[in-house]
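Computed from heavy atoms alone, side chains included, the values below leave out hydrogens, waters and symmetry copies. Throughout, protein chains are lettered first and strands after them, A, B, ... in sequence-line order, and every chain is numbered starting at 1.
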Protein chains: 2
Amino acid sequence: MSNEHTGGSPRTLKTVSRAFDVVRALEELDGARVTELADHLDLSKSVVYNYLSTLREEKYVVKDGDTYQLSLQFLLVGEYVRYQNILYRIGKSEIEDLAEKTGEYAHLATEQHGLGVNLYKVSGETAVGSDYQVNKLQRADYLHFSATGKAILAHLPRERVDWIIDRYGLPAKTEATITDRDELFEELETVRERGYSLNDEEEIKGLQAIGAPVTNRHGRVLGSISVSGPVRRMKQPEYHQNLIESVINTANVIEVNVNMEESDDEFPTFS
Amino acid sequence: MSNEHTGGSPRTLKTVSRAFDVVRALEELDGARVTELADHLDLSKSVVYNYLSTLREEKYVVKDGDTYQLSLQFLLVGEYVRYQNILYRIGKSEIEDLAEKTGEYAHLATEQHGLGVNLYKVSGETAVGSDYQVNKLQRADYLHFSATGKAILAHLPRERVDWIIDRYGLPAKTEATITDRDELFEELETVRERGYSLNDEEEIKGLQAIGAPVTNRHGRVLGSISVSGPVRRMKQPEYHQNLIESVINTANVIEVNVNMEESDDEFPTFS
DNA sequence: ATATGTGTTTGTATTTCGCAAACAACTTTC
DNA sequence: GAAAGTTGTTTGCGAAATACAAACACATAT
């Protein structure tokens, strides 16, 4: 039975996609056995077995008794990737200083595939929730309801922001989350004008954050930083103003150092 | 021409292996363009292009202009894997306390595929080299010349240690590195008897480390911890003795908490 | 002791991938 | 400023690698 066979271009390698389906399934299931995976993925046991064996040979999967798990190989490669990121290399210590100086949580984030990824986060002395924010497992998250996210969005080309909204929508996390496209663009305009972004309980009730972008010399946004804390404290006028200045200042310091290091380079957009 | 075709069992999926060859190449080359990769991997351009497109679709690769890079997806999955590890979840804060208390570097490590992987590392106040150890990019490394590694090896089944030596050898890093199998087994016997391991400039000249294993209630070693510092300081008798006690104590605390959390479970070996 | 579960192995059919060559879009060079 | 050299991308087709199902060995449960 001849189908439409060999697809268009670029031709996706189904075997590779399926391998990553297995990886995703192992993550969702927190490790699994062959049969369980076969059911979950709607593949035959023998096929799943071959994928697992191959992934194991490549060291991306370990077998613990009859249970297969993702291995720390992902962490090793992941830390390599993070280290490759100049924003991380330069920003890490600055963010630590910022957290120490302000006493609040400080975050360093970037964008990838239209979502925000935290490169680093550190908790200051007076930060609430005792490391909850820092120890929690993070995933890539929407950009429109975080201070780091809005600082990034505000400095991406409009078409890219539209693409991101088309792709992921503007889901609400609290009542304060901006869920309307036009409203978001107005907010981003404000962010650009005043030089910093604000997350006013739009992600978590009771939590406010102040963010600022880091751009390279071509104006491309490399990522952003933020500090966050309880609204009660964050709203005190002098405190608030001080934080804004600290955040913007730190972002500028990072920016200068990044641009001093980046010698050559380009201006395209990631995808 | 009918060859031996379809290989033995388990049948390695060559397409998957090749995908990870591409990942490895992107890591070695710190990102690369299509042609460069094709040359490096001895594949045709079109083939490489398809692998990159697929990996990009899966979000494990990003394209920056004409350059392809590994993405932070590896970090996200990696942090998930680390978080799954009970030794990390329980040990992280204990290791932080240990570093603060001793002022030296503290490490938390485990074994995978016969090599050591650092799950967490933190620098104390008086630690030398100002964060060099902490900020340096880490890879999986041999077990036989580190304090964490020897603590682990000492509590693995002898056959597994033999397998590891057969597979990776005992390469020297300094003049002090143990490179002889019998000598290593004697050393491991000593480690078991006295309850802690010692790395006396076997990895880096001038650096000494003290390690202790963490085992579960079935006696299987889950990983190990260590503190490290300059030999001059580390060799002072009272200081030395204090560190040994601190390390063993911390290892015990972690052990107790891990075993309280681990309810059911197994006793097989990872691979 | 029999039945149902597991992970693993094998034979075979066919889907899918790899190659080479063509194409389009850019740089470089003369 | 056209031509020769780059790139990355697309396509057709033959060859090879993969998916399936069924059998196997082993364990656990009934």
Integer-rounded Å distance: C:dT9 P and A:Lys45 NZ: 12 Å
Check: B:Arg56 side chain, B:Val61 main-chain N or O, donor-acceptor pair, under 3.5 Å: no
Between C:dA25 (P) and B:Arg33 (CZ): distance, integer Å: 17 Å
First of A:Pro10 and A:Ser44 reached from the 5' end of DNA chain D, by closest nucleotide: A:Pro10
Whole-Å distance separating the OH atom of B:Tyr49 from the C1' atom of C:dC23: 13 Å
Residue whose nearest DNA chain C nucleotide is more 5′ - A:Arg18 or A:Asn50: A:Asn50
Which nucleotide in C:dG7, C:dC17, D:dT11 has an atom nearest any side-chain atom of A:Val34: C:dG7
Integer-rounded Å distance: C:dT6 P and A:Glu36 CD: 10 Å
Check: C:dG7 base within 3.5 Å donor-acceptor of A:Arg56 side chain: no
Atom-to-atom span, NZ of A:Lys14 to C1' of C:dT15 - whole angstrom: 8 Å
Sugar-phosphate only, base, or nothing, as touched by B:Thr12 at under 4.0 Å among non-hydrogen atoms: sugar-phosphate
Steps toward side-chain contact (heavy atoms from CB on, under 4.5 Å) verdict (B:Tyr51, B:Phe20): CA-CA 10 Å; B:Tyr51 278 95; B:Phe20 284 103; over 6 Å; no
Between D:dA16 (C1') and B:Leu43 (CG): distance, integer Å: 15 Å
A:Leu13 CG - D:dA16 P separation (whole Å): 18 Å
Among D:dT9, C:dT8, D:dT18, the nucleotide that comes nearest once only the side chain of A:Lys63 is considered: C:dT8
Minimum-distance nucleotide to A:Ser9 side chain [options: D:dG8, C:dT6, D:dT10]: D:dT10
Lys/Arg-Asp/Glu bridge criterion (N-O < 4.0 Å) met for A:Glu27, A:Arg24: no
Sugar-phosphate, base or nothing in reach of A:Ser46, heavy atoms under 4.0 Å: base
Qualifying residue, where the test is side-chain contact (heavy atoms from CB on, under 4.5 Å) with A:Asp39 and the options are A:Thr35, A:Asp42, A:Leu43, A:Leu37: A:Thr35
Separation of atom CZ in A:Arg11 from atom P in C:dT15, rounded to whole Å: 16 Å
N or O in side chain of B:Thr35 less than 4.0 angstrom from D:dG8 OP1/OP2: yes
Of A:Tyr68 and A:Val16, the one whose closest DNA chain C nucleotide lies more 5': A:Tyr68
A:Arg82/A:Glu79 ion pair, N-O < 4.0 Å: yes
